[in-house]
Amino acid sequence: MIPVESEASSKDGVKIIYVAKENILQFLKEKKDEGFDYLLMITGIDYKDHLEVVYHLLSSKSGERLVVKAKTDGEIDSVTSLWKGANWHERETWDLLGIKFNGHPNLKRILLAEGWVGHPLRKDYPMEKKQYVNLKEDGYDSVSFEKKEGY
Amino acid sequence: MQDKIVEVNFGPQHPSTHGVLRVKVKLDGEVIVDAQPIIGYLHRNAEKLSEMGYYPKAQIYVDRLDYAAALNMELGFVLSAEKLMDVQVPDRALWIRMMMVELNRIASHFIWLGTHGLDMGMLSPFFYCFREREKVFRILDEITGSRLLYNYFAIGGVYSDVTPKSLEMIKTWLSDFDKNLTEIENIFKKSYVYVARTKGTGKLGLDDTISYGVTGPMLRAAGKKWDLRKNKPYLHYDQINFDVPSQQAGDVYARMLVRIEEMHQSARIVAQVLDKLPAGDFYNKKYSKPMLVRIKATGESYIPTESPKGEFGIYLVGDGSAIPYRFRIRSPSFANLSAAPAMLIGYKIADMTATLSSMDPVFGEVDR
Amino acid sequence: MNLFFFLMSILYGILKFLHIDFVPFASHGYPIGLWIAYLIVAVVEVILVFALAMLVVVILVYVFRKYMADVQNRIGPNRLGPWGSLQLIADVFKLIQKQDIIPTAADKTAYRVAPYLVFTPVVIGFMIIPFGNVSLLNLMVINFNYTILFLVATMIISPIGEIIGGLASHNKYGMLGALRAAAQDMSYEVPMLISLISVIILAGSFNAQDIVIAQRHIPFVVPEFLGFIIFFLAVLGKQVFPPFDLPESASELVSGYTTEYSGMRYGIFYMGGFAGTALASLVIATIYFGGWEGPIFPGTIWLIIKAGVFMLIFLLIQVSVFRVRVDQFLNMGWKYLLPLSIVNLFISVGFALFAGGVF
Amino acid sequence: MSDNILVTTLDEALRWGTGKSLWPFTFGLACCALEMMSAMGSDYDWARFGSDVFRDSPRHSDLMIVSGTVTKKMAPRVRRLYDQMAFPKFVISMGACASAGGPYVRGYSVVDGVDQVVPVDVYIYGCPPRPESLIKALKLLQDRIADGKVKH
């Protein structure tokens, strides 16, 4: 058994479990074996002093739901080995929140262009600093801070 | 041997990608050996913008997620927000919401059916579907005052009551809806070419479906009878009779059957709501809009709803202010689309268009 | 367009030179002055046939748009001219002034020639159709003993234009479209030819006019029903018509081999498709439904009626079928149509041997 | 225009042709694309104005309807598609997002107005505009082309 740091409940009555970030892969594996076979989403929350990764689980047998949270400072183990669907969710969390998933097969930006500076869902992301995407000759994106040809 | 493999980019502008999907496909002749969907061409920062304004303000961004079924999106948001802010909703509003959501589900599936026909190489069903969809839109237009994006559900009720005229419209529309839909679905079901092309195409087994987090009609087509309206009823779905269609095959044909049966069932739900619609307030008078922007909320909530594409919900985290601290959208199309490589590799180019359209991705929701 | 007329004249000159005779004035050993007169008449006839083809295309495009709109509960073009009949004129006016983009990576000569290769053979095909038999004058531009072979030869050229166009434009969609066109062409030509041979056996002639005359009692569709079905499907496949429009299928390969073409070059492809449909209907009416044979009305009207019915059937098919997948399509060609066409050949030989006198 | 086509100059005839036969490009971006499809559909049927041939390749089409939000990632692609179209070509910017960024204008990944990327001939307001607005815009564009006010 993996130790649970603390438990809480959300407003809609779903149990929230806090786990240490080192144990997250083991803990989720246990939960998956217990019947939580669905990974609905992975997301992150930026609490300014630390980041939190949130996993929403669902058991398709009983319909039970579970929220697993882990505090991190920007790095956590990837769960792509447990759920194939975790791939895109982790990429998105990396893209928008800058949480690095160790062991992810293809941790690249997914929604924003390759080469984007910063992670926009962080609370300290400078919104007034505009970035522009341009197309390079080979068809890949390049990001710059000033308008270039084409704009 | 390397020369035989051709890399083709389908999209971001391609007639059958339903928006701005780009699929990087490696082809060996006509056969797909590798397919990687590339998304993000419609990333409109809905989450960031929602975290910048008051709770009710986020609704305009929620509206524009799955623009084909905007009311379903709004429902996910208002349910979650009401839970977080402890807002009570009058009974009539709940019933109205249910009816509107089902109407919009039908409209959304009509878009899917029409464009699916287009992708399979036939133009006419597109027009028939849009003709039928316009009939739904006239009703929605009458009730909400808008055609596509409604901003109709409010935290604490709905913005306007259904009028007697609109109820009449729904009744006349219902009287021949099933007949019209059967006419259109027979174009598909009775076409030898369509059946031959779609049976066994784009297969996704149940294990893969669950592993990818695929929900909605695609899950039901893969053999699991899972519908949140039945399994975890919200609104008043537990007081209504309807069936959850499911198929075993998990291919494009099964998805077509499931979606079409869902449309019939939605019409059934609308008919029952018409009978059971209670009198009373449609809006909680305590929470007018100026009030709502003052409500401070803490904690977190996530109410899953069954949108036309699958499980949709909004994960709200409040920090004790009137602005959501974290606003995460669980979009079904995003998860469904991530399963695309598993459905495409090994099939032919022609199957790709069939499979992609059978997933029914809407890019406002995938890219958010 | 000049290039087109030029090519047509040269071709006609070659025909003359090979003593492939020119119908109304067939004679040998004529003086040079007469030769020039023939050439002038030939050019006039070519222009007439070209005008006819264009007229048919214009009518067909208009009917197609209106018919499709009607099937789809729409109105269709109705702003220009009476009932929108001038719409195609506006389209042509627009197309001729569109910029003619030639991609830098394209093979320029082949890219330029390809649309004409699609359109020209269709117009040449129009010359072989016997449009009627008014007293002594045959309404037929080319008439010699092997017109059906000549027709087949021209029909084979237009897919080559599609292939060249697709490959020359140096575009991946174009290339895929060209490959599909090649596969489609190969697998449907053979059944088409074999079912055509059955007709030739029954008629005992390679001449289109003789084939029409041979059907004066019973049209060939009666003994050759199987062959007619095969020929119909094969023509559908060869003319890149739905449900077999794989090389230019919009939802898969953007526009296939025409993807890179713009302006009038694309317009020629577009019109070539419709002209091909018209030609296919005329050919079917000629070799299976007795061409201009028919009571009361003049022959030309009969031919127009028969071909018109087939044009409408082609349009009806276009608005009411799903597209076939490539492998299914090729399977149909090789596994069903080819064996069936050979069976049909034997049937026809049987007819010719034992009931030859009837036809 | 159709009444006196025979007596006008060639130039006017060509303009008439261009204006009355605008083949739109099948180019859907976001929400507005659905309203664009509705305008195609049976109820609104803008084939009446000669725009029934929706072309899938940019080379064949004359009219680009920017239907929806243009994101930073998509903007260079929109430009490229515009460049691929053959002259004369026209652009309708449909809806608030395409015209000025719409509700997303404060965000980080949305271009505030497609006119930064491609030249626009007609703007339509609305979020999304109703199909009637799109037909109005089409008529407006046709009239302007016929009057020679649009030069491309």
Side-chain angles (χ1 to χ4, degrees), chain B residues 9 11-20 22 38-50 52-53 57 60-61 63-70 107-108 110-111 114-115 118 123-124 126-135 137-138 141 146-149 151 362-364 367-368, chain D residues 25-45 47 52-58 61 64 66-78 80-82 84 95-97 101-111 126-133:
Chain B
N9 261 314
Q13 187 280 325
H14 187 269
S16 69
T17 50
H18 288 241
V20 285
R22 172 174 163 208
I38 297 172
I39 59 169
Y41 294 100
L42 194 57
H43 178 55
R44 303 191 280 192
N45 44 62
E47 289 182 4
K48 184 74 177 177
L49 290 170
S50 304
M52 286 162 71
K57 227 187 142 183
I60 55 165
Y61 305 115
D63 231 351
R64 285 154 183 74
L65 289 176
D66 180 354
Y67 35 80
S108 165
F110 266 132
I111 292 182
T115 49
L118 210 58
L123 202 58
S124 305
F126 173 84
F127 289 95
Y128 302 144
C129 289
F130 268 68
R131 182 192 67 200
E132 296 302 314
R133 176 172 165 269
E134 288 296 331
K135 292 180 187 163
F137 269 13
R138 260 174 239 140
D141 199 356
S146 183
R147 269 173 56 86
L148 190 68
L149 307 173
N151 214 346
V362 171
F363 280 84
D367 297 341
R368 299 186 291 275
Chain D
F25 181 26
T26 324
F27 179 53
L29 281 173
C31 330
C32 296
L34 290 183
E35 289 300 71
M36 187 177 80
M37 279 147 74
S38 296
M40 270 171 78
S42 301
D43 281 38
Y44 295 96
D45 184 29
D52 60 337
V53 195
F54 256 82
R55 297 313 315 173
D56 304 310
S57 168
S61 35
M64 176 194 251
V66 186
S67 55
T69 321
V70 184
T71 58
K72 296 256 172 76
K73 204 172 168 183
M74 193 66 195
R77 270 102 185 165
V78 174
R80 179 168 281 192
L81 287 169
Y82 177 77
Q84 281 172 349
C97 294
Y104 300 97
V105 71
R106 286 166 68 216
Y108 52 86
S109 74
V110 170
V111 177
C127 187
R130 296 173 75 101
E132 292 95 327
S133 314

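The sequence lines fix the lettering, A, B, ..., with proteins before strands; numbering per chain opens at 1. Small disclaimer: the values here were computed from a predicted structure and weren't measured.
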Asks: Under 4.5 Å heavy-atom distance to chain D, tell me which part of B:Y61 shows up: side chain, backbone, both or neither.
Replies: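 Both parts, backbone and side chain.
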Asks: Are D:S38 and B:R147 side-chain neighbours, meaning at least one heavy-atom pair lies under 4.5 Å?
Replies: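 Side chain of D:S38 against side chain of B:R147, heavy atoms only: contact under 4.5 Å found.
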Asks: Quick check on D:A33 against chain B: is it the side chain, the backbone, both or neither that has a heavy atom closer than 4.5 Å?
Replies: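 Neither the backbone nor the side chain of D:A33 comes within 4.5 Å of chain B.
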Asks: A side-chain contact here means heavy atoms from C-beta on lying under 4.5 Å apart; do B:T115 and D:M37 qualify?
Replies: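 A side-chain contact exists here, since the closest heavy-atom pair is under 4.5 Å.
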Asks: With a 4.5 Å heavy-atom cut-off, do D:M40 and B:F130 have their side chains touching?
Replies: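 D:M40 vs B:F130: side chains apart.
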Asks: Applying the side-chain contact (heavy atoms from CB on, under 4.5 Å) criterion to D:D43, which one of B:R133, B:K135, B:R138 satisfies it?
Replies: B:R138
Asks: With a 4.5 angstrom heavy-atom cut-off, could you sort out which part of B:A70 is near chain D: side chain, backbone, both or neither?
Replies: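 Neither part.
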Asks: Are B:R44 and D:P103 side-chain neighbours, meaning at least one heavy-atom pair lies under 4.5 Å?
Replies: no
Asks: Okay, side chain of D:K72, backbone of B:H43: is any donor-acceptor separation there less than 3.5 Å?
Replies: no
Asks: So, D:R130 and B:D141, do they make that salt bridge, N to O below 4.0 Å?
Replies: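 Yes.
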Asks: With a 4.5 angstrom heavy-atom cut-off, is it the side chain or the backbone of D:L81 that approaches chain B, or both, or neither?
Replies: side chain
Asks: So, do D:M74 and B:L42 sit near enough that their side-chain heavy atoms are less than 4.5 Å apart?
Replies: no
Asks: If you take all heavy atoms of D:G107 and B:L49, which pair is closest and at what distance?
Replies: N-CD2, 3.8 Å
Asks: Do you know which of B:R64, B:K48, B:R131 has the most heavy-atom pairs under 4.5 Å to chain D?
Replies: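 Heavy-atom pairs under 4.5 Å are most numerous for B:R64.
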